[in-house]
Student: 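Sharing a structure below in structure tokens format, with a few things to ask.
Side chains included, hydrogens not; waters and symmetry mates left out as well; all remaining heavy atoms used.
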Amino acid sequence: MCGRTACTLAPDEVSRACSYRNRGGQRRQPRWRDGDADKYRPSYNKSPQSMSPVLVSHRHFDKAAPVDECVLASMRWGLIPAWFKESDPSKMQYSTSNCRSENILEKKSYKDPLLKGQRCVIMADGFYEWRRVDKEKQPFFIYFPQKNGPSQERKEDQQQDVTSSTRNTVMSERGEISHDLAEESEAEWSGWRLLTMAGVFDCWTPPGGGEALYSYSVITVNASPNLQSIHDRMPAILDGEDEVRRWLDFGEVRSLDAIKLLQSKDVLTFHPVSSFVNNSRNNSPECLQPVDLDRKKAIKATASSKMMMSWLSSGSPAKRKEPEAKETKGEKDSEAKSRCKPTGGLQLWLQGANKKPRTK
């Protein structure tokens, strides 16, 4: 299952991290749907009913837009079906945070949006999962390995974009030169590789009228071999730009073919974190901090941790919105006593993450 995630990037960083190639092979940077960038708040500890960044086909919001054009939207975690009759979404009597891939065509709540092509990709730094140890549960943070930085695929095609933009530079009606593709190349993302989870979404409007609510469910599959010791389920991961494009392009890839992408993939890595994350009100870098379970060895910064340190300390945190502090002083002090302190590069990363960001 998937019951808690983290997404700590600012809206502009999410957009850069979600660059994609359309059917024609051109790289594009998705824009936020009007007003949705302000609805999203970065968080180290997102729980159901919070708003998360979701990548979708622009056609869902604009019938004249190309199906292979993507936009970012802020959607509520926990799908509210279009046919829901209550006036308050919180009155849903069952959880829709997750949707099992094997049952997706059996339950109306998920089948209807799936067959309408309402497929989405939930973006996150990673997700948390708990492993039962005796009477307690040990939390882990699970994410894409970060050893090579940005995907090699993007590095290789960056020069291709620059060449293409130079070759296709044209004069506008006003005589001004257009460098759109060159600008996209200059904005190439070199930070944390975001996790891309498959989901379905729906649009619900209150029976008495009002603003439409877009919400989603994370699709889950059987856990991959390296995660089975933690939990028997995991989110359906879309690994690579091609899988993301095929999942979102409902005009070219039919629903029954898209379902084939929902496979258990052994592509994630993880590290244990402290019980600080158990309280959903706690929202700070400490949620992601690796801990040493046997408390006998010093914590060593992994390649992925070094990647975190590199981009978080590069100055980009100054652009982020400050997460809303949810923990009380008493809770924070009591949890701090049981946490291991990081060393080396990871300590520097956490210091960089703790810099006070500027707000808009």
Side-chain angles (χ1 to χ4, degrees), residues 7 9-34 36-37 40 52-62 64-74 117 119-125 143-172 176-199 237-253 258 261 267 307 310-311 314 316 319:
C7 191
L9 302 188
D12 64 311
E13 292 177 315
V14 175
S15 179
R16 290 173 55 206
C18 290
S19 67
Y20 67 96
R21 284 195 174 279
N22 60 18
R23 292 179 187 172
Q26 297 172 315
R27 180 163 296 287
R28 291 288 182 260
Q29 183 174 307
R31 299 177 183 274
W32 281 88
R33 180 172 174 255
D34 289 347
D36 276 20
Y40 157 68
S52 297
V54 173
L55 196 64
V56 295
S57 168
H58 195 184
R59 177 71 65 84
H60 293 300
F61 305 114
D62 181 356
V67 178
D68 63 335
E69 179 181 300
C70 295
V71 295
L72 280 164
S74 288
R119 310 193 296 256
C120 63
V121 178
I122 299 95
M123 312 303 301
D125 293 352
Y143 48 97
F144 272 137
Q146 307 290 321
K147 294 180 181 180
N148 298 321
S151 69
Q152 189 63 33
E153 179 182 358
R154 293 185 181 181
K155 286 183 178 179
E156 292 173 351
D157 63 38
Q158 182 173 0
Q159 184 59 42
Q160 177 183 338
D161 285 340
V162 174
T163 303
S164 175
S165 65
T166 302
R167 185 172 58 248
N168 294 301
T169 297
V170 296
M171 299 295 290
S172 69
E176 298 171 340
I177 297 178
S178 172
H179 296 286
D180 289 345
L181 293 180
E183 290 175 359
E184 289 166 2
S185 297
E186 292 173 357
E188 183 75 12
W189 178 245
S190 59
W192 188 258
R193 182 190 177 192
L194 290 183
L195 196 61
T196 42
M197 300 178 284
I237 302 301
L238 300 167
D239 186 21
E241 291 186 5
D242 184 61
E243 288 195 2
V244 170
R245 183 191 66 78
R246 290 168 60 196
W247 180 253
L248 295 180
D249 194 346
F250 65 92
E252 184 177 78
V253 183
L261 295 170
V267 295
M307 178 65 181
S310 177
W311 73 266
S314 65
S316 56
K319 300 178 182 178

Student: Checking Val253 against Arg119 for the side chain to side chain contact (heavy atoms under 4.5 Å, CB included) test, could you report, in this order, the C-alpha distance in whole Å, the side-chain angles of both residues, the deciding distance, and whether it holds?
Tutor: CA-CA 11 Å; Val253 183; Arg119 310 193 296 256; 3.9 Å; yes
Student: Rounded to the nearest 0.5 Å, what's the gap from CZ on Phe144 to CD1 on Ile237? Could you check?
Tutor: 5.5 Å
Student: Between Gln26 and Asn22, is there a donor-acceptor pair closer than 3.5 Å when you use the side chain of the first and the backbone of the second?
Tutor: no
Student: What residues form a ring-ring contact (aromatic ring centres under 6.0 Å, His included) with His58, not counting sequence neighbours?
Tutor: none
Student: Testing the basics here: between Pro30 and Cys18, what is the closest heavy-atom pair and its distance to 0.1 Å?
Tutor: CD-O, 3.5 Å
Student: Mind checking salt bridge (charged side-chain N to carboxylate O under 4.0 Å, His left out) for Asp36 and listing every partner two or more places apart, or none if nothing turns up?
Tutor: Arg33, Lys39
Student: Answer yes or no: is there a side-chain heavy-atom contact under 4.5 Å between Val14 and Tyr40?
Tutor: yes
Student: What I'd like to find out is whether the side chain of Phe61 reaches to under 4.5 Å of the side chain of Asp34, using heavy atoms alone.
Tutor: no
Student: Do the side chain of Trp247 and the main chain of Leu261 share a donor and acceptor less than 3.5 angstrom apart?
Tutor: no
Student: Test side chain to side chain contact (heavy atoms under 4.5 Å, CB included) on Asp125 and Leu194; report intermediate values, then the result.
Tutor: CA-CA 5 Å; Asp125 293 352; Leu194 290 183; 3.3 Å; yes
Student: Does Pro53 reach the side chain of Cys7, with side-chain heavy atoms less than 4.5 Å apart?
Tutor: yes
Student: Under the salt bridge (charged side-chain N to carboxylate O under 4.0 Å, His left out) rule, collect the residues that match up with Glu69, sequence neighbours excluded.
Tutor: none
Student: Who pairs with Arg245 by salt bridge (charged side-chain N to carboxylate O under 4.0 Å, His left out), at least two apart in sequence or on another chain?
Tutor: Asp242, Asp249, Glu252
Student: Only counting residues at least two apart or in another chain, list the ones meeting side chain to side chain donor-acceptor pair (under 3.5 Å) with Ser15.
Tutor: Gln29
Student: Within a reach of under 6.0 Å around CZ of Arg23, are more than 12 heavy atoms found that belong to other residues, nucleotides or ligands?
Tutor: yes
Student: Is the closest side-chain heavy-atom distance between Tyr20 and Asp68 below 4.5 Å?
Tutor: no
Student: Only counting residues at least two apart or in another chain, list the ones meeting salt bridge (charged side-chain N to carboxylate O under 4.0 Å, His left out) with Asp62.
Tutor: none
Student: Using the side chain to side chain contact (heavy atoms under 4.5 Å, CB included) criterion, which residues pair with Ser57? Sequence neighbours excluded.
Tutor: Arg59, His60, Val67, Phe250
Student: I'd like to know whether Met197 forms a side chain to side chain contact (heavy atoms under 4.5 Å, CB included) with Leu238, so could you lay out the CA-CA distance, the side-chain angles of the two residues, the decisive distance to 0.1 Å, and finally the verdict.
Tutor: CA-CA 6 Å; Met197 300 178 284; Leu238 300 167; over 6 Å; no
Student: Is there a side-chain contact between Arg193 and Tyr143, using heavy atoms and a 4.5 Å cut-off?
Tutor: no
Student: Between atom CE of Met123 and atom CG of Leu9, what is the distance when rounded to the nearest 0.5 Å?
Tutor: 9.0 Å
Student: Measure the shortest side-chain to side-chain distance between Ile122 and Cys120 over non-hydrogen atoms and say whether it is less than 4.5 angstrom.
Tutor: yes
Student: In the structure I gave you, are the side-chain heavy atoms of Ser74 and Trp32 within less than 4.5 Å of one another anywhere?
Tutor: yes
